[in-house]
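For reference, the structure is listed below as structure tokens.
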There are 2 protein chains.
Amino acid sequence: MQTALTAIDRTFSMPIATENAAPQPRFAAEAAGIGATRSFAKDEEIYAEGDPATRYYKLISGVVRTCKLLTDGRRQIEAFHVAGEIFGIERSAEHRFSAEAVSPVTVIAYRRCPLEVLASSDGPLARQIVATALLNLERAQEHAVLLGRKSAMEKVATFLLDMAERVHHHDDAFDAIELPMARSDIADYLGLTIETVSRTLTQLERDAVIALPAARRNIVLRNKAALRRLNA
Amino acid sequence: MQTALTAIDRTFSMPIATENAAPQPRFAAEAAGIGATRSFAKDEEIYAEGDPATRYYKLISGVVRTCKLLTDGRRQIEAFHVAGEIFGIERSAEHRFSAEAVSPVTVIAYRRCPLEVLASSDGPLARQIVATALLNLERAQEHAVLLGRKSAMEKVATFLLDMAERVHHHDDAFDAIELPMARSDIADYLGLTIETVSRTLTQLERDAVIALPAARRNIVLRNKAALRRLNA
DNA sequence: CGTTTGATTGATTCAGGTCAAGAATAGTGG
DNA sequence: CCACTATTCTTGACCTGAATCAATCAAACG
């Protein structure tokens, strides 16, 4: 994580050397004032907690985490966002969580429209913003249930199923996932420590529910039914 | 503990204590899009998880909890709602949490408008719905941080400050709160057990941070600064 | 008054955290 | 392509905060 704050200043980051094989500049409509494409390196900050919330972001490629730090360094990751999702929607004038690139990321940044416009304009974008806010609310609520009442094993099982579903766009046929995030991200998302996440994954492998290849961020779901049973 | 909540709770509670699960009355008002007043007794269910989400509710008096049960009976309370707040907003066709009256409750039920209408109609109500969804999102996110990363002591401190602020409408002058909910509700909201909630409150009293009168649901905040320090 | 429900307290257990090595992987520069 | 780091991940030993189990205790309520 190098120059954190530069993220926002480089608004129209042309270079895009780090741009993965992802969707490029896009169409004139978007280039013409509606949205600007921007790229971020792994671990780069997209916005910080407390930054003015002047835009929201549509994720074109890569994975983003939104999180908050407590005064003593404890961290809670509120959500992961994958390609196609919108993040950065706020009620107040400031971002209440920071957003960071988990992997190299390309986004389209849209100028934020005030709430009154949002609830009264009838463009498809306004509709999408409202829908996204409600989806994020749903996820945050489900996440609270997980954090408040599930065991470590249940948390990890829920996480694996959820990631598999989102990354494969609800196609249940695939049984392998390539996690873009480190164990520490998983731990801070699930309210656990990295050691517990690791031990739990090892346990699942011993129980033949998953397989952990040498590249430890690849996980093969060998027994989704068992995972679903653990899903509580 | 009778006199406590009644001030707020009784506000509109005319008769209807027994008009339970049968929400028939429905006045011409609702048909006209204005909303119908309904009352619920303590612990009565306003809607259940899985019920069709055909309306949302504005809370006139009393306190409501929205919660979810895991298969084995573990419960997570997602939020408490107090007078003036709107709850029951959903993205999908069904309620994903149940809503129950913590105290006697009066609400106005509004017919739900579809998402497209919400994002395109410009009445003040649509605006309020969107604003409420965003507020609930904020709270759910903050709640996730609490559930995932705070200690029992920090959770209770946060809860007391939060309830004091909401019940007194952000007027910091008051230092006593009359909690409408049982210890079990607090525990299921904070992801703790009732024993831990009780022990933590006792500890706070020993430390002269709060006082616990004979009516145990009244709590006097003797040292808000100390609570804020615990707020992490 | 008993009776019931809710809250507190104490004794004990345990899931998950902490501390401390290692092992494996992925970078990095030569 | 290979040594050489530097991360990241795993594993083990141990500890602890909160859960569980089990009595009381105290209000609230007929």
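The figures here come from the full heavy-atom set of this structure, side chains too, leaving out hydrogens, waters and symmetry mates. Letters go in sequence order (proteins before strands), and every chain restarts at 1.
In this structure, A:Arg199 atom CZ and D:dT11 atom P are separated by 9 Å, rounded to whole Å. What separates CD of B:Glu195 from P of C:dA11 is a distance of 15 Å, to the nearest Å. When rounded to the nearest whole Å, the span between CE of A:Met181 and P of D:dT8 equals 15 Å. The distance from atom CZ of A:Arg74 to atom P of D:dG17 is 13 Å, rounded to the nearest whole Å. Distance B:Asp185 CG to C:dT5 C1': 14 Å, rounded to the nearest Å. Separating the CD1 atom of A:Ile194 from the P atom of C:dG16 is a distance of 17 Å, rounded to the nearest angstrom. Between B:Met153 atom CE and D:dT16 atom C1' the separation is 15 Å, expressed in whole Å. Here C:dT25 presents its C1' atom at 10 Å from CZ of A:Arg216, a figure rounded to the nearest Å.
In the set D:dA28, C:dG16, D:dT10, the nucleotide with an atom closest to the side chain of A:Leu212 is D:dT10. Residue B:Ala182 places its side chain closer to C:dA7 than to any other of D:dC9, C:dA7, D:dA19.
Ring-plane geometry between A:Tyr47 and A:His95 is classed as parallel, the angle between the planes falling under 30 degrees on a 0 to 90 degree scale with a further cut at 60.
One side chain, A:Lys150 or A:Thr158, offers a donor N or O that lies under 3.5 Å from an acceptor on the other. Donor-acceptor pairing under 3.5 Å is recorded for the side chains of B:Thr66 and B:Glu78.
Residues B:Glu154 and B:Leu230 approach most closely at CG-O, 3.0 Å, considering heavy atoms.
Here B:Arg217 reaches the OP1 or OP2 of C:dA7: one of its side-chain N or O atoms lies under 4.0 Å away. Phosphate contact (OP1/OP2 of C:dT9, side-chain N/O of B:Thr202, threshold under 4.0 Å): present.
Formation of a donor-acceptor pair under 3.5 Å by the A:Asn136 side chain with backbone atoms of A:Ala133 is not found in this model.
Residue-to-nucleotide proximity on DNA chain C shows that, of A:Thr193 and A:Ala214, the 5′-proximal contact is made by A:Thr193. Residues A:Arg149 and A:Ser198 each lie close to DNA chain D; by heavy-atom proximity, the contact nearer the 5' end of the strand is made by A:Ser198. Toward the 5' end of DNA chain C, the nearer of the two residues A:Thr196 and B:Asp43, judged by each one's closest nucleotide, is B:Asp43.
A:Leu192 comes within contact range of the sugar-phosphate backbone alone, with a heavy-atom separation under 4.0 Å but no base atom that close.
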